[in-house]
Every structure is written in C-alpha cells, then in structure tokens.
2 protein chains.
Amino acid sequence: MNNNKMIYVIDDEKDICQMVSLELEQFGYSVRSFTTGAQACHAIRTRPPALCIIDLGLPDMDGMELVKQLCDKHSVGVMILSGRNSVPDKVLGLELGADDYIVKPFIPRELVARVNSLLRRLENSGPDPKTETRTAQFANLRYDPKTLTLITGDGKQSELSSAEHVLLIRLLKAPKTILSRDQLMGETTGPFDRSIDVRMSRVRKKIEQDPKNPEIIKTIYGVGYILTTDVSWTP
Amino acid sequence: MNNNKMIYVIDDEKDICQMVSLELEQFGYSVRSFTTGAQACHAIRTRPPALCIIDLGLPDMDGMELVKQLCDKHSVGVMILSGRNSVPDKVLGLELGADDYIVKPFIPRELVARVNSLLRRLENSGPDPKTETRTAQFANLRYDPKTLTLITGDGKQSELSSAEHVLLIRLLKAPKTILSRDQLMGETTGPFDRSIDVRMSRVRKKIEQDPKNPEIIKTIYGVGYILTTDVSWTP
DNA sequence: ACTGGCTGTTACATTTCGTTATATTTCAGA
DNA sequence: TCTGAAATATAACGAAATGTAACAGCCAGT
C-alpha cells in the first residue's frame with residue numbers, strides 16, 4: 001500500500017485526530033492534524049492536501065464556512081465528520097460541496113474505506129491543483145508555466161524542459177528561502193545524485209545573464225540553493 | 001434544477017424503486033428502475049447512465065459482482081443501497097469500487113444530497129465514452145464531438161478520426177492535468193505501445209499551429225502529456 | 001475485388017536527462 | 001596566508017524517451 005497522498009484532519013478533539021491519523025497511516029497515507037480552523041486554513045493554502053476531513057464543531061470558526069471555502073476551490077476532497085446526525089445538517093453539508101458526511105461515533109475501518117473510495121474517484125477528476133497556471137515575474141524575467149516559456153527582459157524567448165520546469169517552479173514557490181537538494185528533488189531518484197547540480201546548471205544557462213556568476217539563483221555551500229529575487233504572480 | 005442526468009435504480013423491491021425514483025425526479029433527474037440484474041446489465045451496456053444505485057440483494061445475481069463489473073469500467077458512478085449494516089460489507093463494497101454505501105432504511109432527502117454530491121464529483125471526471133455532446137472551446141479552437149469537427153480560429157475546418165477524438169476528449173476532460181499514457185489509452189491495447197505517440201502526433205498536426213513546437217499539448221518527459229489551455233463547454 | 005480511410009507498427013531522427021570526468025570554488029585548519 | 005579535502009560547476013557522453021514519416025493490415029462501402 002503505497003498511497004503517499006496527503007490528508008489533513010481538522011478536529012478540536014485530539015483523541016479523534018489521533019485515532020483517525022493512526023488508522024489512515026496504517027494504510028500508507030500521510031496525515032497531518034489540526035485542532036483549529038485557522039491553522040488548517042494556513043496549511044491548506046501552503047500545501048494543499050488531497051483530502052480534508054473536517055469536524056463541524058471547531059472552536060474558532062464555523063465548520064460549514066470552512067467546508068464552503070474548500071469546496072469552492074473544487075480540487076481538494078472534503079469529508080465532514082460530525083456528531084450531529086440530523087438530515088438537514090447532512091443535506092446542507094453535502095450540497096455545500098462536501099463529498100461525504102460521516103456521523104460520530106464511527107468505525108475507523110469504514111472511514112478508511114470511504115477515504116479510499118473518494119480518493120480513487122478524485123484521482124481521475126478535475127484539474128491538477130499542483131499545476132501552476134499563473135505567470136511568474138522576477139528579475140526582469142517572465143515565466144509562463146502553461147507553456148514552459150521564458151521571456152527575458154529584452155524579449156528573447158526560450159523553452160524549459162519539463163525537468164527544468166519543475167526545478168524552477170519549486171524555487172519560484174519559495175523565493176528567498178534556502179532549499180536543500182532533497183527539497184528540490186522531491187520524491188524522484190535516489191539519494192546520492194549529482195543530477196540536481198546539472199539540472200541547476202541548465203536552468204541557470206537559460207535564466208542568468210552571466211551563468212558563470214549567477215545572480216538570481218545563488219548556491220549556499222553545503223546546504224542548497226536560493227532564489228534571491230522577489231516573485232509576483234499574474235493570472 | 002435541470003440536471004437531466006440518467007440514473008438507474010436496481011432493486012427487487014418495487015416500493016424502494018418507486019420511492020427513490022420519485023424523489024430523484026423531483027430534483028430533475030431522469031430515472032429508470034430495474035428489478036433484476038440481467039435487465040440492468042443489458043440497459044447499462046446499451047445506454048450507460050451517469051450513476052447506478054444498486055441493492056445488494058438481487059434475485060438473479062450477486063449484487064457485489066454487478067458492482068465490481070460496473071466499477072471496472074470506472075466511468076459510471078456506483079452507489080450501494082443495502083439492508084446490511086455490517087462494516088465488512090461496507091468495506092468490501094467500497095473497496096470494490098463503489099462510491100457510497102447507504103444503509104436501509106434511509107431518508108430520501110439524504111439520498112438525493114449524496115447523489116448530488118457524487119455527480120458533482122463525477123462531472124469533470126472519467127474517461128467518457130462517446131457521450132459528450134457539448135462543444136469545447138479552447139485556445140481559439142472549437143471542437144464539436146457530435147460531428148468530430150474541429151474549427152480553427154480563422155474558420156478552417158478539419159475532421160478527427162475516432163481514435164483521435166478519444167484522445168482529444170480525454171485531454172479536454174482533464175485540462176491542466178498531466179495524463180499518463182495509460183490514462184490516455186484507457187482499456188485499449190497492450191502494455192508497451194508507441195501507438196499513443198503516433199496518435200498524439202496526428203492530433204497535434206490538426207490542432208497545433210506549428211506541430212513541431214506544440215503549445216496546446218505539451219509533453220512531460222517520462223510521464224505523459226498535458227493540455228495547457230483552459231476549456232469551456234457550450235451546449 | 002477494389003478503393004480509400006483509419007490505425008498500429010517499424011525504423012530512424014531528435015530530444016531529454018542522468019552519469020561521469022574534470023575543472024573550479026569553498027572553507028576549515030595549519 | 002596557505003593548503004588540501006570536500007563541495008560544486010559544467011562539458012561531454014550515452015541510454016532512454018519521444019516525434020514522425022513510411023509502410024502494412026484491416027474494414028466498410030462501392
């Protein structure tokens with residue numbers, strides 16, 4: 001069982017969070033728990049998960065409101081976990097956009113089965129939320145991820161290969177932050193690998209004015225790389 | 001509420017069929033009922049619905065077997081309606097591919113809410129059969145699946161073959177999402193095949209302005225292909 | 001049988017990308 | 001400051017992935 005999908009559990013009762021996490025992790029999922037809506041919101045924006053399991057009775061915000069927000073962005077799956085077994089509540093939650101509504105107390109194994117079912121359905125559905133479609137502007141360059149096209153300040157165009165694209169996107173998503181080689185590689189390829197250096201060299205050759213003295217992407221000796229400029233995204 | 005989607009209800013108890021049908025029809029769905037698995041199978045092959053609601057206790061065949069068959073061609077949604085409230089049954093049904101499992105007795109209004117929720121998810125999903133009838137607009141092109149006709153921005157027309165059609169439709173149904181060769185192939189043909197590349201080449205020749213430098217369909221090396229544009233569907 | 005269109009296969013050209021080898025840079029310690 | 005080991009840069013190479021023209025089989029309609 002090598003799912004590896006990210007699931008967020010949002011419930012103010014720590015017991016529930018723990019129980020759900022343990023069960024899901026046994027089936028190969030990566031789980032993070034949150035006990036307040038605010039924390040969850042922030043995390044969802046930063047690293048959107050494949051699925052959110054939400055308790056309606058949160059201390060700091062209306063659970064329904066959170067559900068609605070999530071469902072409007074249409075890509076992340078939403079399961080409601082509630083102590084209230086009333087039909088109007090269920091109907092409201094589901095019509096608001098939730099994909100399932102489970103009443104407490106529930107059987108952990110059934111929850112897992114429903115999670116599996118939903119993720120299976122989500123898999124071949126909707127645009128991939130990870131694919132960035134806005135254009136990035138940085139250091140008198142413009143990069144359009146839709147077409148993998150880079151436009152320099154003086155109008156020259158060049159195309160990035162898909163591996164170069166992934167690397168550049170990771171940097172653009174975390175400007176002015178040191179990223180280790182592992183972080184830049186993601187889940188691909190083995191532990192000892194110098195290929196990242198070569199990739200970086202190829203990216204630099206396309207984005208730097210003088211690739212021998214890189215300004216935009218600096219090397220942090222012994223640690224990783226950093227994108228030194230600000231980035232603004234235009235739709 | 002003008003859904004107009006086709007739903008099949010398969011249950012040997014006529015009362016249940018009638019109740020479910022009435023309720024769903026009030027919400028604008030087209031419903032057909034079947035009291036035996038054989039009838040349903042035939043109808044599903046002839047006119048595949050958007051969703052099947054299946055009672056497990058059918059007189060002439062094992063309900064689970066029917067569920068499994070349906071789910072294998074995973075374009076049609078499957079809801080199980082069962083009198084058995086046991087966790088193993090639920091888990092089995094859901095793992096087999098069902099999208100929901102509802103225990104009798106149930107509240108009709110909740111059933112409708114769950115149907116709405118599921119169909120919403122299914123809407124932009126699934127390797128469609130040939131059933132798409134709306135016209136797709138993307139990248140100053142218009143494609144009419146009914147006639148397999150492509151119209152370019154400057155008025156030129158061309159026709160796609162049916163294999164090209166399937167490929168293009170799969171891409172249009174999942175814009176901005178990387179699709180693997182397997183996903184694009186669907187259930188057809190053998191494991192290692194280069195035919196998809198050739199098909200893609202032929203599609204590109206028709207939709208791209210400069211097929212040597214494709215803009216609309218990009219290749220993701222080692223992974224698959226991606227449609228880079230937005231798509232809007234007009235009836 | 002003949003024809004024309006569709007489709008998969010094959011063969012070869014091209015691109016991508018990781019590996020290797022070598023040059024260069026960094027930095028701790030003398 | 002100097003020195004050497006470790007880290008990084010990148011050119012060059014080759015294996016694998018992809019693009020596509022050309023060919024061959026199949027099928028429906030004549």
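By convention in this document, chain letters (A, B, ...) are assigned in the order of the sequence lines, proteins followed by strands, and residues within each chain are numbered from 1.
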request  = Using a strict 4.0 Å threshold on nitrogen-to-oxygen distance, state whether A:E23 and A:R114 make a salt bridge.
outcome  = no
query = Does B:K212 come within less than 4.0 Å of B:D210, counting only side-chain N to carboxylate O?
reply = no
query = Touch check for B:R204, heavy atoms < 4.0 angstrom, all strands: base, sugar-phosphate only, or nothing?
reply = sugar-phosphate
query = 5'-most contact on DNA chain D: A:G224 or A:K205, nearest heavy atom basis?
reply = A:G224
Could you work out which one of [options] sits closest to the side chain of [X]?
{"X": "A:V198", "options": "D:dG19, D:dA9, D:dT10", "value": "D:dT10"}
{"X": "A:S201", "options": "D:dT10, D:dG19, D:dT8", "value": "D:dT10"}
{"X": "A:S195", "options": "C:dG8, C:dG18, D:dG19", "value": "C:dG18"}
{"X": "B:Y221", "options": "C:dT7, D:dT20, C:dT16", "value": "C:dT16"}
{"X": "B:R181", "options": "C:dT16, D:dG19, D:dA11", "value": "D:dG19"}

Could you check how far [atom1] of [X] sits from [atom2] of [N], rounded to whole Å?
{"X": "B:R202", "N": "D:dT20", "atom1": "CZ", "atom2": "P", "result": "12 Å"}
{"X": "B:K218", "N": "C:dT15", "atom1": "NZ", "atom2": "P", "result": "14 Å"}
{"X": "A:I226", "N": "D:dT8", "atom1": "CD1", "atom2": "C1'", "result": "17 Å"}
{"X": "A:I217", "N": "D:dT10", "atom1": "CD1", "atom2": "P", "result": "11 Å"}
{"X": "A:D197", "N": "C:dA23", "atom1": "CG", "atom2": "P", "result": "18 Å"}
{"X": "B:R199", "N": "C:dC6", "atom1": "CZ", "atom2": "P", "result": "14 Å"}
{"X": "A:L160", "N": "C:dC17", "atom1": "CG", "atom2": "P", "result": "10 Å"}
{"X": "B:L167", "N": "D:dG19", "atom1": "CG", "atom2": "P", "result": "12 Å"}

N/O (side chain, [X]) to phosphate O (OP1/OP2, [N]) under 4.0 Å:
{"X": "A:T219", "N": "C:dT26", "result": "no"}
{"X": "A:K212", "N": "C:dT25", "result": "no"}
{"X": "A:S162", "N": "C:dT16", "result": "no"}

key: Whether A:S117 side chain and A:V115 backbone form a donor-acceptor pair below 3.5 Å   = no
task = For the pair A:R202 (side chain) and A:E164 (backbone), establish whether a donor and an acceptor sit closer than 3.5 Å, ignoring hydrogens and angles.
result = no
message = Just checking A:Q18: does its CD atom have more than 12 heavy atoms from other residues, nucleotides or ligands closer to it than 6.0 angstrom?
response = no
inquiry  = Distance criterion of 3.5 Å, no angle test: do you see the side chain of B:R194 paired donor-to-acceptor with the base of D:dG19?
reply    = yes
